[in-house]
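A quick write-up on the structure given underneath.
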Amino acid sequence: MSQQYPGDTATITTPAGDASTAKYEEARAAASRAISTISIPQETPLRTPPAPEAEAEVDPELLSYRGFKFGAAFFGYLIAISMSVLLLAAVAAAAFGTAEILDYTTGDAKTQPGAALLTAAGVTVFMLAVAFYTGGYVAGRLARFDGGRQGFGVWMIALLVSLVAGGAGWFVDNQYAVVDDINRPDVSLADNTLLLGSIGAAAALLLLTLLAAIVGGKSGRRYHDRIDELL
């Protein structure tokens, strides 16, 4: 391939392979022009994930008010015992009045001993559960924090006092045979039935009073939680 240039008699001969080189140069120039026309937006900084919130430091003085408080639980226990006496006395008076109105005598109860004992045990357990709920509520209000623990403390104090009282009674009975002098009513039920009924009633009493005391303690704390939300 030959090219003639004006004013010059020399003829420049280009190798045949230079055609592909010229096309390559034209393509590169076109790509350069295309790139120059593209507007590249400014780089936006990468969004880093927010750092995890550090746990709020709890004031040591506030921590000193948490946990089990014997004073609150003890006063809750006193309230529970007082409520037990009042409620059982009220139920006994109501039962006596109802028996007088319906002419329900001791002989009628002896003819249906199972129903009479079951009714008495159910009412007693329910009244004691209400009394322990009240005691747990008072303990939760007094301690302000950890109401469930205060309710459990009320129940535990009552259990310990009952065990001590039972041990003292067993010791006195061994020394003076007090139980033998008590005129107990004859119940026409088998000993096994009475034993199983007593175990069931005791288990129900322990479980329900425990749950009632814990729920009462949490309810007492909820009063302070509402005030803290308002503040």
Side-chain angles (χ1 to χ4, degrees), residues 68 73-74 76-140 147-174 177-220:
F68 173 71
F74 180 74
Y77 161 74
L78 295 179
I79 295 297
I81 295 301
S82 301
M83 289 296 297
S84 300
V85 174
L86 292 176
L87 291 175
L88 292 178
V91 169
F96 180 77
T98 304
E100 290 293 330
I101 294 174
L102 299 179
D103 195 17
Y104 188 82
T105 61
T106 306
D108 297 330
K110 289 183 178 181
T111 57
Q112 296 179 343
L117 291 177
L118 184 61
T119 302
V123 172
T124 301
V125 170
F126 177 75
M127 291 295 105
L128 290 177
V130 173
F132 273 85
Y133 174 86
T134 307
Y137 181 85
V138 172
R149 293 183 181 180
Q150 316 311 326
F152 178 78
V154 171
W155 181 84
M156 183 57 66
I157 292 175
L159 179 62
L160 293 177
V161 172
S162 299
L163 292 177
V164 172
W170 175 80
F171 177 77
V172 172
D173 180 65
N174 284 340
V178 178
V179 178
D180 296 336
D181 297 336
I182 299 176
N183 185 14
R184 292 171 292 181
D186 295 330
V187 180
S188 58
L189 290 176
D191 293 338
N192 292 335
T193 302
L194 289 175
L195 179 61
L196 292 177
S198 300
I199 294 175
L205 177 63
L206 292 174
L207 179 61
L208 292 180
T209 51
L210 173 60
L211 294 177
I214 293 176
V215 173
K218 291 184 177 180
S219 300

Legend entry - Of V125, L128, V130, the residue whose pairing with L208 passes side-chain contact (heavy atoms from CB on, under 4.5 Å): V125
Inset, instruction - Could you tell me the separation between the OG atom of S162 and the CD1 atom of I81, rounded to the nearest 0.5 Å? - result: 6.5 Å
Inset, instruction - Looking only at non-hydrogen atoms, find the nearest pair between M127 and L87 and report the distance. - result: O-CD1, 3.5 Å
Inset, instruction - Hey, could you give me the CD1/CZ distance between I79 and F74, rounded to the nearest 0.5 Å? - result: 11.0 Å
Legend entry - side-chain hydrogen bond (donor to acceptor under 3.5 Å, both in side chains) partners for Y137, two or more places apart: R141
Inset, instruction - Identify the heavy atoms of Q150 and A139 that sit nearest to each other, and give their distance. - result: CB-CB, 3.8 Å
Inset, instruction - Look up atom CG in L207 and atom OG1 in T209, then write down how far apart they are to the nearest 0.5 Å. - result: 7.5 Å
Inset, instruction - Search all heavy atoms of A131 against all heavy atoms of S84 and return the closest pair with its distance. - result: CB-OG, 3.2 Å
Legend entry - Exercise: identify the closest heavy-atom pair between W155 and L206: NE1-O, 3.3 Å
Inset, instruction - Considering non-hydrogen atoms only, spot the tightest contact between S219 and Y133 and give its length. - result: OG-OH, 3.3 Å
Legend entry - Where F68 and R149 come nearest, the two heavy atoms and their spacing: CD1-O, 3.8 Å
Inset, instruction - Report the distance from atom CG of L211 to atom CZ of F132, rounding to the nearest 0.5 Å. - result: 12.5 Å
